[in-house]
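Input: a single structure, listed below in structure tokens.
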Amino acid sequence: MMVLKKCYYVVVVLFLLASCKQEEKQKLDLHDWQPLKVTVTAYNSLPSQTTAKNANIAAWGDTLKPGMKTIAVSRDLMRKGLKYNTMVRIDTFPDTFLVKDKMHFRHRNKIDVYMGTNKKKAKEWGRKKLTIFYLKEEDSTLLSAAIR
């Protein structure tokens with residue numbers, strides 16, 4: 001009987017912890033995010049697509065690996081708040097991405113979604129006009145704490 005009672009308490013505590021975490025995520029719904037219409041393309045970490053010695057090293061020194069949910073942003077978007085490690089949601093993706101790379105100065109109002117070394121997948125993606133959602137710097141710390 002005592003073992004059953006302890007099991008009951010453990011289940012209740014786990015349920016409460018899970019529901020608190022869910023509440024935090026719901027607070028950070030899309031209405032809290034800043035919308036921005038941009039051109040979205042894709043890129044790979046291949047030597048043919050960069051002038052750097054190591055194609056896996058991003059602009060801020062991060063090592064990119066296939067499967068990472070990262071994006072590169074044009075520098076004009078950095079001035080709007082899409083700085084290093086800003087969390088970004090893209091209209092057609094269910095995932096949250098991190099800004100880990102920046103683009104050449106010639107690009108404007110554009111992001112690149114990292115697609116590892118799969119050049120075919122990146123070409124199939126093509127070029128799209130989509131809405132992205134991002135949190136300004138002061139809100140990004142709140143989100144990263146809620147996602148953990």
Side-chain angles (χ1 to χ4, degrees), residues 7 10-148:
C7 288
V10 169
V11 169
V12 168
V13 168
L14 289 175
F15 176 76
L16 289 174
L17 287 173
S19 64
C20 288
K21 195 150 192 115
Q22 191 65 23
E23 270 184 41
E24 286 180 45
K25 285 184 182 180
Q26 287 173 350
K27 286 179 190 174
L28 296 166
D29 205 3
L30 285 181
H31 69 275
D32 294 330
W33 296 64
Q34 302 295 316
L36 187 62
K37 187 108 170 155
V38 297
T39 300
V40 183
T41 55
Y43 78 112
N44 307 107
S45 51
L46 298 170
S48 62
Q49 293 183 14
T50 184
T51 57
K53 285 184 179 183
N54 186 343
N56 292 333
I57 304 297
W60 281 290
D62 294 284
T63 301
L64 301 178
K65 296 176 185 148
M68 289 179 76
K69 302 294 182 197
T70 65
I71 61 172
V73 296
S74 58
R75 294 168 193 246
D76 61 322
L77 296 180
M78 291 168 51
R79 289 187 290 275
K80 291 183 178 181
L82 282 115
K83 299 176 182 175
Y84 178 68
N85 273 341
T86 299
M87 296 187 144
V88 177
R89 291 182 180 173
I90 303 171
D91 202 9
T92 60
F93 287 91
D95 304 310
T96 301
F97 293 78
L98 290 176
V99 175
K100 292 284 186 185
D101 209 351
K102 50 189 166 184
M103 302 168 95
H104 190 275
F105 289 102
R106 71 178 176 269
H107 297 289
R108 295 281 178 265
N109 201 46
K110 183 178 176 186
I111 69 167
D112 263 348
V113 177
Y114 178 64
M115 295 198 176
T117 57
N118 191 339
K119 194 173 182 178
K120 182 181 177 190
K121 184 178 175 183
K123 282 188 176 204
E124 286 173 356
W125 172 260
R127 174 187 212 88
K128 301 174 191 274
K129 283 273 193 189
L130 296 173
T131 301
I132 64 170
F133 302 88
Y134 69 98
L135 289 176
K136 296 226 180 199
E137 190 171 308
E138 62 272 9
D139 296 335
S140 292
T141 54
L142 176 67
L143 178 65
S144 63
I147 288 180
R148 285 186 203 137

Q.
Before you tell me yes or no, could you show the steps for Lys110 and Val38 under side-chain contact (heavy atoms from CB on, under 4.5 Å), namely the whole-Å CA-CA distance, both residues' side-chain angles and the distance that decides it to 0.1 Å?
A. CA-CA 5 Å; Lys110 183 178 176 186; Val38 297; 6.0 Å; no

Q: Going by the side-chain contact (heavy atoms from CB on, under 4.5 Å) test, name the single residue among Leu130, Asp101, Val73 that passes it with Ile111.
A: Val73

Q) Heavy-atom distance under 4.5 Å between the side chains of Trp60 and Val99, does that happen here? A) yes

Q) Does Gln49 use its side chain to pair, donor to acceptor, with the backbone of Asn44 at less than 3.5 Å? A) yes

Q. Who pairs with Asp76 by side-chain hydrogen bond (donor to acceptor under 3.5 Å, both in side chains), at least two apart in sequence or on another chain?
A. Ser74

(Q) Go through it in stages, so that I can follow the logic: the residues are Thr86 and Leu135, the test is side-chain contact (heavy atoms from CB on, under 4.5 Å), and I'd like the CA-CA distance, side-chain angles, deciding distance and then a yes or no. (A) CA-CA 7 Å; Thr86 299; Leu135 289 176; 5.6 Å; no

Q) Can you find a heavy atom in the side chain of Ile71 that is under 4.5 Å from one in the side chain of Val88? A) yes

Q | Donor-acceptor under 3.5 Å (Asp91 side chain, Ile132 main chain) | A | no

Q) Is there a side-chain contact between Arg89 and Trp33, using heavy atoms and a 4.5 Å cut-off? A) yes

Q: Please report the shortest heavy-atom distance between Tyr114 and Pro66, naming the atom on each side.
A: OH-N, 3.7 Å

Q. So how far is it from Leu64 CG to Ile57 CD1, rounded to the nearest 0.5 Å?
A. 7.5 Å

Q: Could you note down all residue pairs passing side chain to side chain donor-acceptor pair (under 3.5 Å) where residues 116-134 supplies at least one of them, sequence neighbours left out?
A: Thr39-Lys129

Q: May I have all residue pairs that pass salt bridge (Lys or Arg N to Asp or Glu O under 4.0 Å) and include part of residues 58-74, sequence neighbours excluded?
A: Asp62-Lys100, Lys69-Asp95

Q.
Using the salt bridge (charged side-chain N to carboxylate O under 4.0 Å, His left out) criterion, which residues pair with Lys102? Sequence neighbours excluded.
A. none

Q.
According to ring pair (Phe, Tyr, Trp, His ring centres under 6.0 Å), does anything in residues 94-113 pair up with another residue at least two apart or in another chain? List the pairs.
A. Phe93-Phe97

Q. Sequence neighbours excluded, which residues qualify as side-chain hydrogen bond (donor to acceptor under 3.5 Å, both in side chains) partners of Asn56?
A. Ser45

Q: Mind checking the NZ-CG spacing from Lys37 to Asn109? Nearest 0.5 Å is all I need.
A: 10.5 Å

